[in-house]
Amino acid sequence: MTTTLTAGAAGPRRRARRRRRTTAVAFVLPALLLLGALVVYPVLFSVGRSFFDAAGTAFVGGDNYAEMFRDPATLTALRNSAIWVVVAPTLLTGLGLILAVLVEKVRWATAFKLLLFMPMAVSFLAAGIIFRLAYEEDPDKGVLNAAVVGVHDAFAGTSSYPTARPREDQGVTEARDGSYGTAEAVAPGSTVNLGLVGVAPKEMPAEARPAPAAAKAGAGELRGAVYLDFTPGGGGRPGVVDPAERGLPGLTVEAVRDGGASAATTTTAPDGSYRFEGLADGSYTVRLPAANFAPPFEGVSWLGPALVTPAIIGAYLWIWTGFAMVLIGAGLSSLPRDALEAARMDGANEWQVFRRITVPLLAPVLTVVFVTLVINVMKVFDLIYIIAPGPVQEDATVLATRMWLVSFGGGNDQGLGSALGVLLLLLVIPAMVFNVRRFRRSQS
Amino acid sequence: MSATATAPPPAPSPPSAPPPGARPAPPRPPAGGRLRRLLGSSLVQAFLAVVGLVWITPVAGLLLSSLRSAHDNAASGWWTALTSPAQLSFDNYTSLLGNAGITRAFWNTVLISVPTTVLVVVLAALAGYAFAWLEFPGRDWIFLLVVALLVVPVQVGLLPVAKLFGQLGLFGTIPGVVLFHVAYGLPFAVFLLRNYFADIPREMLEAARMDGGGEWMIFTRLVLPVGRPAIASLAIFQFLWVWNDMLVALLFADGSSQPLTVELQSQVRQFGSNIDVLAPGAFLSLIVPVVVFFAFQRHFVQGVMAGSVK
């Protein structure tokens, strides 16, 4: 840069350089002005503002920062943010790794990757609505609870008549354990009909047939019918099997010996009839165990206070798993094939190859994925704002939502709000420095 | 996902010449190993098919819900439409398009995201070129500062900028929302483009300068065309970011300038009673980015990957 000394010859060149410098300033100035006014100034303002009280008139020093650790709602936010930052990136990195390794083994890898990556295009708002639908508590509307209830009922069975109850004053009473039984004991050879009410017509099983009016019981036999003691359209007599009254099929019936021990068990036929044969002499009552009338399993309250944070993390996994998988997959394809193949030749099985070679070689990529996710998880806002229903917002709150609520959503304490914003900034910085360093290294 | 149904079994490859660079095939594993591998591969296929199903179910739920009447949605789950397709109709969408609030919000979304994307790309390309190839005092320091601004979360800017916009009369207007997005999009955009432009061979630029091209001409005729891949990825990422934003617009937009996300968000409070508006609205809001995704897969993935440092 000594050309400036030879003034005469350099005149035009210097002018050219000055012109170029002017151009340069003109090129960067619009961007720098915007950044200065809308990013740099706000950061300085927020830092300053965080040392003032809610009204912004009195200097309070570090009080706002101390307040963060006193205010229970803000403490909840800190705790939830900690859960998010630990759980979500860990699960995502693990899931992404597993899927990235497995997807290489199938022919439709590209289609699978596209499908899993697609949620990255979807807004948190749309994802929030999608999962509000999926987490709907009523198993008739929310697909997740429909699945849970389906699985539960497949293993635990369903009760057939959750709403049925005995017709009052007709000899059938409810015991303390919820079972229904005859009040009077009878001897074998008798016919006992049990009349129930409270089953809506549309809840009646399709195979239900009219109950048999009177059946003669043989010796050592106890029989009868469990029926719906209700004649559609009216006209039925309480405690009597009327012609139009149908039996209740599929109920478990027990013959109970005087002492309380169950002597025999059977299930009612389509016309509601049951029959115990070969009973020893004695007196019996007929009982319908409580399991017949247990309230149905209603599924899980996903968006209740206890599960709301895991549920929202689940929605977050749906969005970000594809990202983790694709990034890890890119790292996977750049691994030295020789190392993997050599290990296989030496007789290592797939698990050993994965555990001893793939994962250690991938460690740098896994770190990048993890750190990137930490940054993004820290700022999660929309998803919680949308998915958590009003009453449980407090239970689901994280730093970003708390900051919003305190500053704008009714709290109106801009001192505390600014302090929360600054805390968020401070927490993000280390992860960001790591990421920028890596990016610069990859560029050079 | 029809591919899940009939993935052909791994056929024995014909003994053709291996493609160049291919390694010699490993020795054939013993029969037991082969059986186990076949079993393992179908297990893997089944597992991935289940994962794929889990991933697609929520979206299918939204789509089918958006095609069912409010009455059907209140009475039963969307999956019942799979067995009785008579439930499905476009009525919700027809009434959605007749809903003045929703259509205005949709256009607001366009009016916010398109100008933001253009502005970010133009301003960042200019600045990126200057940072990469022009000399001015303090260049490297200023660039480092811009990179440092990458760390600033949007949340920190909300309150001060709201005050500032209030004084300038920009609060509650579309230009206000756009300016905020541009400012918070710039650090990453400048960072990305400067790094990309810096890789342009020096000789190319020198040659253009020798030919007497001014900086503006070099920028438009040489740098922009060469930088197209990076610019495309940036544009897609930025568009997506703004299209999907809710937080910024929630604060800076008012009733007449609010985008679709904010309009829909205001209805989530009565979730359940208005699925016939929310479901098609959410689908409307997600279909644009998803189309962009499938149309520009490669740039999209690159843009999202690069943008994830934010």
Side-chain angles (χ1 to χ4, degrees), chain A residues 20-21 23-25 27-28 30-31 34-35 38-39 42-43 45-46 102-103 105-108 111-112 115-116 118 120-126 129-134 140-141 143 146 318 326-327 372 379 381-382 386 400 403 407-408 414 417-418 421 424-425 428-429 432 435-436 439 443, chain B residues 3 7 41 44-45 48 52 55-59 61-62 65 76-77 79 123-124 126-127 129-130 134-136 146-147 149-153 155-157 159-161 179-180 182-183 186 190 195 215 240 244 246-247 251 261 264-265 268 271 278 282 285-286 289-290 293 301 304-305 308-309:
Chain A
R20 215 183 291 162
R21 188 173 285 188
T23 324
V25 173
F27 274 29
V28 289
L34 267 177
L35 286 173
L38 301 186
V39 185
V43 170
F45 181 93
S46 284
L102 290 185
V103 82
K105 301 190 190 301
V106 299
R107 286 164 187 241
W108 33 282
F112 185 81
L115 174 67
L116 259 75
M118 187 215 29
M120 286 296 285
V122 173
S123 66
F124 282 128
L125 169 99
I129 293 177
I130 287 174
F131 277 88
R132 268 299 273 275
L133 273 173
D140 282 340
K141 294 189 208 160
V143 68
W318 180 77
V326 170
L327 206 62
T372 304
K379 294 189 270 190
F381 170 85
D382 315 31
I386 297 294
M403 189 251 161
S407 312
F408 311 104
Q414 305 187 338
S418 298
L424 203 57
L425 175 63
V428 175
I429 283 180
M432 194 67 118
N435 241 4
V436 170
F439 194 91
Q443 291 285 307
Chain B
S41 117
V44 167
Q45 301 233 15
L48 291 181
W55 246 252
I56 211 157
T57 305
V59 190
L62 181 76
S65 297
S76 59
W79 51 91
L123 295 184
L126 285 170
Y129 174 58
L134 300 178
E135 274 167 28
F136 56 92
V146 172
V147 173
L149 292 184
L150 262 171
V151 302
V152 179
Q155 278 91 349
V156 179
L159 182 65
V161 177
L179 278 182
F180 188 92
V182 172
L186 273 176
V190 172
N195 287 331
E215 294 305 330
L240 196 75
N244 285 340
M246 183 184 89
L247 174 60
L251 181 61
T261 46
L264 291 173
Q265 172 274 331
V268 170
F271 197 91
L278 277 178
S285 124
L286 73 76
V290 168
F293 167 56
V301 174
V304 169
M305 290 300 171
S308 68
V309 297

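Throughout, a chain's letter reflects where its sequence line sits, starting with A, and its residues are numbered from 1. Side-chain atoms are counted along with the backbone in the values below, which use heavy atoms only and exclude waters and symmetry mates. This structure is a prediction, so every number in the text was calculated from the model and none was measured.
Between B/L286 and A/I130 there is a side-chain heavy-atom pair separated by less than 4.5 Å. No side-chain heavy atom of A/F112 sits less than 4.5 Å from a side-chain heavy atom of A/V106. At a threshold of 4.5 Å between non-hydrogen side-chain atoms, the residues B/P153 and B/V156 count as touching.
In terms of heavy-atom proximity, B/Q155 sits nearest to A/K379 at NE2-O, 3.8 Å. For A/V103 against B/L48, the heavy-atom pair with the smallest separation is CA-CD1, 3.8 Å. For B/P160 against A/S46, the heavy-atom pair with the smallest separation is CG-OG, 3.5 Å. What you find for A/T23 and B/E215 is that their closest heavy atoms are CG2-CB, 3.8 Å. Nearest heavy-atom pair across B/N244 and A/V122 is ND2-C, 3.7 Å. Nearest approach of B/I56 to A/L115, heavy atoms of both residues: CD1-CD1, 3.8 Å.
For B/T261, the parts lying under 4.5 angstrom from a heavy atom of chain A are both the backbone and the side chain. For A/M118, the parts lying under 4.5 angstrom from a heavy atom of chain B are both the backbone and the side chain. Both the backbone and the side chain of A/V39 come within contact range of chain B, judged by heavy atoms closer than 4.5 Å. Within the 4.5 angstrom heavy-atom criterion, atoms from both the backbone and the side chain of B/L247 approach chain A. Using a 4.5 Å cut-off between heavy atoms, B/W79 touches chain A through its side chain atoms alone. With a 4.5 Å cut-off on non-hydrogen atoms, A/A134 does not touch chain B at all.
Highest contact tally toward chain B, considering only A/A400, A/A146, A/S123, A/G417, is held by A/S123 [criterion: heavy-atom pairs under 4.5 Å]. Interface remark: of the candidates A/L38, A/L424, A/V25, A/L38 forms the most heavy-atom pairs closer than 4.5 Å to chain B. Of all the listed residues (B/V152, B/V44, B/L159, B/V182), the one sharing the greatest number of non-hydrogen pairs under 4.5 Å with chain A is B/L159. The most heavy-atom pairs under 4.5 Å with chain B, out of A/F381, A/F45, A/W318, A/F131, come from A/W318. In terms of heavy-atom pairs under 4.5 Å with chain A, the best-connected choice from B/G61, B/A183, B/A124 is B/A183. Taking A/A24, A/A126, A/G421 one by one and counting their heavy-atom pairs under 4.5 Å with chain B, the maximum is reached by A/A24. With chain A as partner, the option from B/L149, B/L264, B/V146, B/L123 having the largest number of non-hydrogen pairs under 4.5 angstrom is B/L149. The residue among B/G157, B/S285, B/A282 with the most heavy atom pairs within less than 4.5 Å of chain A is B/A282. Ranked by heavy-atom pairs under 4.5 Å with chain B, the first of A/L34, A/V428, A/V143 is A/V143.
Using a 30° and 60° split on the angle between ring planes, A/F27 and B/Y129 fall in the tilted class, from 30° to 60°.
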